[in-house]
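As structure tokens, the structure follows; a few thoughts come after it.
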Amino acid sequence: MNLVVIGSGYVGLVSGACFSDFGHDVICVDKDESKIGQLRDGGVPIYEPGLDDLVRTGIKSGRLRFTTDVHEAVAGADAVFIAVGTPSRRGDGHADMVYVHAAAQEIAAALTGFTVIVNKSTVPVGTGDEVERIIRQTSPDADFTVVSNPEFLREGAAINDFKRPDRVVIGGDDQRGLAVMREVYRPLVIGRSTVVEMSRRSAELTKYAGNAFLATKIAFINEIADLCEKVGADVLEVAYGIGLDNRIGSKFLHAGPGYGGSCFPKDTLALLKTADDFDTPQRIVEAVVNANDRRKRAMGRKVIDVLDGDVRGRRIAILGLTFKPNTDDMRDAPAIAIVRALQDAGAQVHAHDPVGMEQAKKVLSNVIYHDDPYDAMDSAHAVVIVTEWDSFRALALPRIKSLLLQPVMVDLRNIYSRDIVEAAGLTYYAVGR
Ligand code: NAD
């Protein structure tokens, strides 16, 4: 099949590279010329494990190409995937649809023959109708259908998630469109992934409902963690205890500094805006959003409290900046709120992240970055683990003890056991334990 992906970011690039690996002919489009230039040369502008190999293999096979020219790409395509960003709109939290609408307009002008337009971006309910309207208005005679196909991949595990998804959701009722989509995903069906067909609006809402539910699990266990600290329980034990119940499940029950990233914060907000528009309050999601916002900054206060309420002029080492390991994505990372809270209280922040420091420099100021985590800890009054990169799981604790001015470790991801840290002479603070 001839596939086009508009938007070559985390989702578009992974989708395009995986589709070409399935054997489809794929053209990835982006309006960012430097991104496309880098991709053509075999470089990958984002950090995602395994993606560079997949892109290089795709280019070599001739099945994966890159362009900035939507018109040239779309002519003759069987399906065009819209995978552009849908960030929170400044000021009101609605999903900002300008990129999706612009992409629809550009696609419309280039359509030849029957084409399936696929909304892969996370978009509010009714966007399929709007994209259809835009295309119809621009090209009244075009032969097309609009399908919803939300993406559920996780950054850091994106290729595996794309190739072996729990499910693929396809929303639409045009039989020609569905036939094309079945062909696109046929390699996954052979691999026994579940492909679910439903109405377009149900598919659009499935994505938001899924993310809101996962965010709820995280916010829930975080509040249980707070209670654990007060009553002398251990949230790791409680999470394990409840997670063994199949009705609950063990995933997304890791207490920590609150969820961040490019999806949960903006998608929960956008769901609340849709709920407002339809006068159907989503009070559980409202509570989740509020609890999570408060939590990120509260983690900064937790560090300050550990240092007797005074961090003025003190050096704090932050290990991990990205919103989770195995990505360089800093969008809405908890580290941003934590670092700012510490800086507001007068601390000097020294930080290390295995791959996220370049992105972090764009959103954080007055941070001193170190390529080596031990350099960040040298002469610090405390070390704070914010992101659970594997490389932080077996740090040389005696060396840390000798480097720190005060032997304090705050482990916001619960990746250490208290006994081991305390045996090395450090005072250990965790979350919910
Ligand atoms: P991103 O910001 O990494 O990439 C978007 C890309 O689209 C950018 O490179 C931008 O230059 C390009 N673009 C914007 N308008 C364009 C246009 N008119 N023509 C060509 N290119 C254009 O975004 P992302 O993280 O890949 O997210 C894309 C969508 O997928 C969002 O709706 C997001 O919510 C959703 N999603 C993201 C993830 C994730 O983990 N990142 C997971 C599931 C779903």
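Every number for a ligand or one of its atoms is a count from 1 in the order of the listing.
- Of the polar atoms of Thr122, at least one N or O is found under 3.5 Å from an N or O of ligand 1, judged by distance alone.
- Among the atoms of Lys120, none of the N or O lies under 3.5 angstrom from an N or O of ligand 1.
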Go through it in stages, so that I can follow the logic: the residues are Arg186 and Glu183, the test is salt bridge (Lys or Arg N to Asp or Glu O under 4.0 Å), and I'd like the CA-CA distance, side-chain angles, deciding distance and then a yes or no.
CA-CA 5 Å; Arg186 194 163 47 84; Glu183 191 58 22; 2.9 Å; yes
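- Only side-chain heavy atoms of Lys266 come within less than 4.0 Å of ligand 1; its backbone N, CA, C and O stay farther off.
- Using modelled atom types, one side-chain atom of Arg200 and one backbone atom of Val146 make a donor-acceptor pair closer than 3.5 Å.
- Looking only at side-chain heavy atoms (C-beta outward), Arg340 and Arg297 come within less than 4.5 Å of each other.
- By the ring pair (Phe, Tyr, Trp, His ring centres under 6.0 Å) test, Tyr208 pairs with no residue at all, sequence neighbours left out.
- Ile159 places a side-chain heavy atom less than 4.5 Å from the side chain of Cys18.
- Residue Thr86 approaches ligand 1 through these ligand atoms, each under 4.0 Å from one of its heavy atoms: 31 (C), 32 (O), 34 (O).
- Proximity to Lys35 (heavy-atom distance under 4.0 Å) selects the following atoms of ligand 1: 8 (C), 9 (O).
- Relative ring orientation between Phe264 and Phe252 is described as tilted, the plane-to-plane angle lying within the 30° to 60° band.
- Sequence neighbours left out, the pairs with a member in residues 87-113 that pass salt bridge (Lys or Arg N to Asp or Glu O under 4.0 Å) are Arg89-Asp92.
- The heavy atom nearest to atom 28 (C) of ligand 1, out of those in Thr68, Asp96, Val84, Thr327, is found in Val84.
- For Gly12, no nitrogen or oxygen atom sits less than 3.5 Å from a nitrogen or oxygen atom of ligand 1, counting backbone and side chain alike.
- For Lys31, a nitrogen or oxygen atom sits less than 3.5 Å from a nitrogen or oxygen atom of ligand 1, counting backbone and side chain alike.
- Ranked by closest heavy atom to atom 8 (C) of ligand 1, the top entry among Val5, Asp30, Thr67 is Asp30.
- Put simply, the side chain of Tyr369 reaches to within 4.5 Å of the side chain of Leu364, judged on heavy atoms.
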Let me see the working for Phe19 and Phe162 under ring pair (Phe, Tyr, Trp, His ring centres under 6.0 Å), right down to the final yes or no.
CA-CA 9 Å; Phe19 281 143; Phe162 194 91; 5.2 Å; yes
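- Some N or O of Ser262 is nearer than 3.5 Å to an N or O of ligand 1, by distance alone.
- Residues Thr268 and Tyr259 meet the side-chain proximity criterion, which asks for heavy atoms closer than 4.5 Å.
- At the top of the distance list for atom 4 (O) of ligand 1, counting protein heavy atoms only, stands Gly9 CA, 3.2 Å.
- Within the 4.0 Å heavy-atom criterion, neither part of Ala158 lies near ligand 1.
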In sequence, state the C-alpha distance, the side-chain angles, and the governing distance for Asn119 and Ser121, and then conclude on side chain to side chain donor-acceptor pair (under 3.5 Å).
CA-CA 6 Å; Asn119 271 337; Ser121 295; over 6 Å; no
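- Below 3.5 Å of separation, one finds no N or O of Lys207 facing any N or O of ligand 1.
- Listed by atom number, the atoms of ligand 1 under 4.0 Å from Gly7 heavy atoms are 6 (C), 7 (O), 12 (C), 21 (N).
- Panel note: side chain Asn149, backbone Val169; a donor-acceptor pair is recorded below 3.5 Å.
- The closest protein non-hydrogen atom to atom 42 (C) of ligand 1 is Leu153 O, 3.5 Å.
- Taking every heavy atom of Gly85 and a limit of under 4.0 angstrom, the matching atoms of ligand 1 come to 5 (C).
- Asn211 pairs with exactly one of Thr122, Asp267, Thr206 by the side-chain hydrogen bond (donor to acceptor under 3.5 Å, both in side chains) rule, that one being Asp267.
- In this structure, the protein non-hydrogen atom closest to atom 18 (N) of ligand 1 is Glu106 OE1, 3.5 Å.
- Between Glu151 and ligand 1, not a single N/O pair is under 3.5 Å apart.
- Within the set Arg331, Glu155, Lys324, Gln105, the minimum heavy-atom distance to atom 23 (O) of ligand 1 is found for Arg331.
- Atoms of ligand 1 found under 4.0 Å from any heavy atom of Ile6 (numbered from 1 in listed order, with element): 19 (N), 20 (C).
- With hydrogens left out, the protein atom closest to atom 37 (C) of ligand 1 is Val11 CG2, 3.2 Å, a heavy atom.
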